[in-house]
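What follows is a single structure, written as structure tokens, with notes after it.
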Amino acid sequence: MIDVYYWPTPNGWKVTIMLEECGLDYRVVPVDIGGGDQFKPEFLRICPNNRMPAVVDHDPLGGGDPLSMFESGAILEYLADKTGRFLPASGAQRYKVLQWVHWQMANLGPMMGNANHFKNYAKNIVEDPSQLEYGRNRFVGEVDRLSGVMDAQLSANQFLAGAEYSIADIITWPWAMLLGRLIDESVWESFPNLKRWVDELHARPAVEKGWRLHREWGKRELTDAQERARRELLFNQTNEKVRKAREEAARLAP
Ligand SMILES: N[C@@H](CCC(=O)N[C@@H](CS)C(=O)NCC(=O)O)C(=O)O
């Protein structure tokens, strides 16, 4: 059994889609990131970076004690090795897949996260909206560039790493499918190969199921005060603020 520490966001969906694709048994542990669950000692012991997703595998590859892991890229690579699915065990194709996995982790995810911040969230935080212009242009520009990288790759290949569906696709889809919502639905006209791939993957039952899992959690109506508290929690993190929670987690460690 695998415990998956999850909230319905693109980084969370990567893991639930992979678990569904592999047909693995899993149990969902909610991590309400707007409510501060990522700072709870029991979660920080699993993920000292106070970010979900994370997993604990009670029957780990190779045996031994339960294995806990954070970072979605590492989690997908582990699950692929555990099941022998969606990542060749060796050879050139393994590294082609991993190259796109690392590309997503270092590029598309962070750039889309920052573009979303400057475009959608930050306007409720800063008093002078002109402060946002540089950040918004910088990150939306990067997302546009990265969309072109995917579109070119998918113009010559059915999937990101070539002819086979792999963890490179599973890890990239949850972010890429949000491009229209982030930029504008007309963005798809510029990236027809990317759109073809987004739609083809969406037709896979495991993708649909992993993506829909507990969507209702992220759609609660919040009061203004709750919204403010959520913003303070998510967008104002410093070492000093997180340090105390980390120390408490270390103190409680077995
Ligand atoms: N590189 C990490 C990113 C994880 C991440 O940023 N998770 C966000 C939600 S999508 C989170 O937990 N945020 C909580 C916070 O900002 O405190 C991964 O891919 O696992």
Side-chain angles (χ1 to χ4, degrees), residues 2-19 26 28-57 67-80 98 100-122 124-125 139 143 146 167-179 181-182 210-211 213-215 217-220 222 226-246 248-249:
I2 295 177
D3 293 335
V4 52
Y5 289 76
Y6 169 82
W7 198 246
T9 74
N11 289 316
W13 298 330
K14 296 169 180 177
V15 177
T16 49
I17 290 172
M18 179 66 176
L19 289 163
Y26 65 95
V28 176
V29 183
V31 184
D32 178 356
I33 55 175
D37 287 354
Q38 70 273 40
F39 300 107
K40 288 186 173 161
E42 57 271 31
F43 182 70
L44 285 173
R45 289 214 308 271
I46 296 166
C47 178
N49 190 38
N50 65 273
R51 299 280 187 275
M52 70 90 226
V55 294
V56 177
D57 187 352
L67 173 68
S68 71
M69 296 187 74
F70 60 95
E71 280 298 320
S72 57
I75 294 169
L76 261 63
E77 191 174 335
Y78 168 72
L79 294 175
L98 290 177
W100 283 100
V101 168
H102 286 275
W103 175 87
Q104 189 290 320
M105 293 298 294
N107 292 272
L108 190 69
M111 294 304 141
M112 283 190 75
N114 279 313
N116 192 29
H117 182 82
F118 280 94
K119 230 176 150 243
N120 298 321
Y121 285 121
N124 301 318
I125 299 171
F139 293 114
V143 170
L146 296 167
I167 56 170
D169 302 292
I170 295 171
I171 209 156
T172 306
W173 184 86
W175 281 107
M177 61 88 65
L178 291 172
L179 269 178
R181 213 177 306 164
L182 175 65
W211 175 64
L213 190 76
H214 293 306
R215 289 189 70 186
W217 290 349
K219 291 193 166 165
R220 292 159 311 165
L222 298 175
Q226 283 171 321
E227 268 297 350
R228 266 197 306 279
R230 182 177 178 276
R231 282 201 294 270
E232 172 66 22
L233 238 156
L234 287 173
F235 304 137
N236 203 5
Q237 296 179 14
T238 59
N239 176 50
E240 190 47 32
K241 288 186 181 166
V242 182
R243 190 172 52 84
K244 286 197 183 68
R246 228 180 2 239
E248 180 64 0

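When reading the values below, keep in mind they use all heavy atoms of this one structure, side chains included, and skip hydrogens, waters and symmetry mates. Throughout, residue positions are numbered sequentially from 1 according to the sequence presented. Both ligands and their constituent atoms are indexed starting at 1 by order of listing.
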Write 'none' if nothing qualifies; otherwise put on separate lines each N/O atom of ligand 1 with a protein N/O atom under 3.5 Å away and their distance to 0.1 Å.
from, atom 1, to, atom 2, distance (Å)
ligand 1, 1 (N), Glu71, OE1, 2.8
ligand 1, 1 (N), Glu71, OE2, 3.2
ligand 1, 7 (N), Met52, O, 2.8
ligand 1, 12 (O), Met52, N, 2.8
ligand 1, 12 (O), Met52, O, 3.4
ligand 1, 16 (O), Arg51, NH1, 3.2
ligand 1, 17 (O), Gln38, NE2, 2.8
ligand 1, 17 (O), Arg51, NH1, 3.1
ligand 1, 17 (O), Gln237, NE2, 2.7
ligand 1, 19 (O), Ser72, OG, 2.6
ligand 1, 20 (O), Ser72, N, 2.9

When Arg230 is tested against each of Gln226, Arg228, Glu227 for side chain to side chain contact (heavy atoms under 4.5 Å, CB included), which residue passes?
Glu227
With distance as the sole test, does Asn116 use its side chain to make a donor-acceptor pair with the main-chain N or O of Met112 at under 3.5 Å?
no
Using the side chain to side chain contact (heavy atoms under 4.5 Å, CB included) criterion, which residues pair with Arg215? Sequence neighbours excluded.
Trp211, Arg212, Lys219
Parallel under 30°, tilted from 30 to 60°, perpendicular over 60°: which one fits the rings of His117 and Phe235?
perpendicular
Give me the one residue out of Lys40, Gln237, Lys241 that meets side-chain hydrogen bond (donor to acceptor under 3.5 Å, both in side chains) with Asn50.
Gln237
Looking at Lys119 and Leu182, would you say the former's side chain and the latter's main chain have a donor-acceptor pair under 3.5 Å?
yes
